[in-house]
Amino acid sequence: MRTSVPGVVLATSLLVAAQPAAAEDGQVELVGETTLPHAMQFDGTTVGGLSGVDYDPSTGQWAVISDDRSERHPARYYTADFDGTRFELTGTRPLLRPDGTTYPAGSVDPEDIRWDPLAEGFWWTSEGDRGEQLIDPSIRGADTGGSSTHDLPLPANLRMTPTTGPKRNEALEGLTLAAGGTRVVTATEGPLLQDGESPTTEHGALSRITLQSRTGSVLAQYAYPLDPVFAASPTGGSANNGATAVLADQGDQYLVLERAFVSGVGNSIRIYRTDTRTATDVQHVESLTNADVQPARKQLVVDLADLAPSTIDNIEGMTWGPRLPDGRRSLVLISDDNFSPNQTTQILTLAVK
């Protein structure tokens, strides 16, 4: 194992994450919090599972995507208005296959959504599945009516095979468009099968951030160092940590949202600013286990627990919102309630200096 420095973990067979650089006091403030009713009905659909959110500064339009696998209603996205206190849905459209039909139950798992700054419509990701049938993750484009416009070719190492590719429920959770919309950037929630064990309380792991052109050419791929799980489950239940959202920031920097859940304890949400400029391009590295690579650097922007919201739920979506009256940037987060009465659809607005 190589020596670690703050925010950087060099290659290891069992990743022990270095302590990232601490967040600067006063840089982030919680300025708004609202929730949507459980099982809220809208335009013939049950609202829930909201796992991605985006804001279009050119139109003021918001979009959220549900991770309903067409099991309750056809896979879909919603448009919304949001003034920082009231989040109001304004429309919904099904996500359509290239033949114009809705997705059959279980065939798709929507996770993130981004408005396209270079064309009318949006991009969205599906996590795929590693079950009885292997279903590849996907990155797709659609017009505002939900009709398919294109599929982006996946890098080979993000495709599902029996022994390689994303783990179940740890695939393409995060999507962002960078460099004015010319780069399509995705993040896997956890390490690929070939990249080693997922985070535990003893060690973190390396997931992958992939940069592609709008036509699918892989421009680069970087290892991203996930934190260890923050606590052990007192009940012996599940305990995990992964990257659920990625958001273009400045230049080669991105915000990455790490969502951890420990059964019997709850959620931990941390947002990091990651810098890929000194990271190794790992697109041709078959396995990150024992590989001599330099992951992206990261610095803590905020640990949500330090802002003391009323609850910390299953935050999965993140977007820049409009500037606040005092000039600070707004960062809006949304939680996926898993359609469970024990969870909530929570929308948080943070002010970022």
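Using a 4.5 Å heavy-atom threshold, the side chains of L331 and M318 count as touching. In this structure, the side chains of S310 and E33 come closer than 4.5 Å at one or more pairs of heavy atoms. Within the 4.5 Å cutoff, no side-chain heavy atoms of T85 are placed close to those of T34. Proximity of D337 to T344: side-chain heavy atoms (C-beta onward) are nowhere separated by under 4.5 Å. With a 4.5 Å cut-off on side-chain heavy atoms, V64 and I113 do not count as touching. Using a 4.5 Å heavy-atom cutoff, the side chains of V185 and I209 are in contact. Counting heavy atoms from C-beta outward, F82 and T349 have side chains that approach closer than 4.5 Å. Side-chain contact check for R76 versus D68: some heavy-atom pair is nearer than 4.5 Å.
Under a 4.0 Å N-O distance rule, the pair E189/R259 qualifies as a salt bridge. Salt bridge D326/K353: absent, no basic N to carboxylate O contact under 4.0 Å. Salt bridge D275/R297: absent, no basic N to carboxylate O contact under 4.0 Å. Salt bridge annotation for D249-R329: present, with a cationic side-chain nitrogen under 4.0 angstrom from a carboxylate oxygen. The pair D151-R97 does not count as a salt bridge, with every side-chain nitrogen at least 4.0 angstrom from each carboxylate oxygen. Electrostatic pairing of K298 and E258 counts as a salt bridge here, judged by a charged N lying under 4.0 Å from a carboxylate O.
Checking side-chain atoms of T79 against main-chain N and O of G91 turns up a donor-acceptor pair under 3.5 Å. The main-chain N or O of V47 is never found under 3.5 Å from a side-chain atom of T45 such that the two would form a donor-acceptor pair. Under the 3.5 Å distance criterion, the side-chain polar atoms of T188 are left unmatched by any main-chain donor or acceptor of P191. S70 places no side-chain N or O within donor-acceptor distance of the main-chain N or O of P74, the cut-off being under 3.5 Å. Checked by atom type and distance alone, the side chain of E120 never pairs as donor or acceptor with a backbone atom of T144 at under 3.5 Å.
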Practice prompt. Given side-chain contact (heavy atoms from CB on, under 4.5 Å), test Q27 with V301 step by step and report yes or no.
Written response: CA-CA 8 Å; Q27 291 298 302; V301 175; over 6 Å; no
Practice prompt. Please lay out, stage by stage, how D252 and R277 fare under the test salt bridge (Lys or Arg N to Asp or Glu O under 4.0 Å).
Written response: CA-CA 6 Å; D252 295 310; R277 286 175 295 183; 5.2 Å; no
Fill in: Residues H38, Q343; criterion side chain to side chain donor-acceptor pair (under 3.5 Å); working and verdict
CA-CA 8 Å; H38 171 64; Q343 294 180 258; over 6 Å; no
Worksheet item: Going through the distances and angles, do S287 and D195 end up as a side-chain contact (heavy atoms from CB on, under 4.5 Å)?
Response: CA-CA 5 Å; S287 170; D195 289 338; 4.3 Å; yes
Fill in: Steps toward salt bridge (Lys or Arg N to Asp or Glu O under 4.0 Å) verdict (R214, D116)
CA-CA 11 Å; R214 290 175 66 90; D116 190 339; 2.8 Å; yes
Item to complete: Take D313 and T311 through the test side chain to side chain donor-acceptor pair (under 3.5 Å) and record every step on the way to the result.
Response: CA-CA 6 Å; D313 215 295; T311 186; 5.0 Å; no
Discussion item. Please determine whether side-chain contact (heavy atoms from CB on, under 4.5 Å) holds for the pair R168 and E127, giving the CA-CA distance in whole Å, both sets of side-chain angles, and the decisive distance to 0.1 Å.
Written reply: CA-CA 9 Å; R168 190 172 193 181; E127 195 168 26; over 6 Å; no
Discussion item. With side-chain contact (heavy atoms from CB on, under 4.5 Å) as the criterion, how do R270 and V302 come out once you've worked through the C-alpha distance, each side chain's angles and the decisive distance to 0.1 Å?
Written reply: CA-CA 6 Å; R270 292 179 174 178; V302 66; over 6 Å; no
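In this structure, a donor-acceptor pair under 3.5 Å is present between the side chains of R208 and Q221. Looking at T46 and Q41, their side chains do bring a donor and an acceptor atom within 3.5 Å of each other. Y224 and T276 share no side-chain donor-acceptor pair at under 3.5 Å. A donor and an acceptor atom, one from each side chain of S217 and Q212, are nowhere located under 3.5 Å apart. Judged by distance alone, the side chains of D54 and T319 do bring a donor and an acceptor atom under 3.5 Å apart. No hydrogens or angles considered: nothing links the side chains of Y78 and D43 as a donor-acceptor pair under 3.5 Å. Side-chain N/O atoms of S340 and N338 include no donor and acceptor closer than 3.5 Å.
Atom CD1 in I269 sits 11.0 Å away from atom CZ in F261 (nearest 0.5 Å). Put simply, OG1 on T274 and CG on L247 are 12.5 Å apart, with the number rounded to the nearest 0.5 Å. The CD1 atom of I315 sits 5.5 Å away from atom CG of L333, with the distance rounded to the nearest 0.5 Å. The CD atom of Q346 sits 5.0 Å away from the OG atom of S335 when rounded to the nearest 0.5 Å. In this structure, L172 CG and S138 OG are separated by 8.0 Å, a value rounded to the nearest 0.5 Å. With rounding to the nearest 0.5 angstrom, the CG atom of L304 is 6.0 Å from the CG atom of L348.
Following chains of ILVMFWY side-chain contacts shorter than 4.5 Å, one can reach L350 starting from W320, so the two form part of one hydrophobic cluster. Following chains of ILVMFWY side-chain contacts shorter than 4.5 Å, one can reach F42 starting from L50, so the two form part of one hydrophobic cluster. Under a hydrophobic-cluster definition in which Ile, Leu, Val, Met, Phe, Trp and Tyr are linked whenever side-chain heavy atoms come within less than 4.5 Å, directly or via other members, I312 and L257 are assigned to the same cluster. Residues L193 and M160 are members of separate hydrophobic clusters, defined by side-chain heavy-atom contacts under 4.5 angstrom among Ile, Leu, Val, Met, Phe, Trp and Tyr. Hydrophobic clustering of Ile, Leu, Val, Met, Phe, Trp and Tyr side chains at less than 4.5 Å, counting indirect connections, unites L36 with V53.
Closest approach of D281 to L219, counting heavy atoms only: OD2-O, 3.9 Å.
A cation-pi arrangement is absent between R93 and Y77 under the rule of less than 6.0 angstrom and at most 45 degrees off the ring axis.
Note: W115 and F122 have perpendicular aromatic rings, judged against thresholds of 30 and 60 degrees for the angle between ring planes.
By the neighbour-count criterion of 12 heavy atoms within 6.0 Å, atom CD of E71 is densely surrounded, having more than that number from other residues, nucleotides or ligands.
Each of L192, L288, L226 was scored for a side chain to side chain contact (heavy atoms under 4.5 Å, CB included) with S207, with one residue passing: L226.
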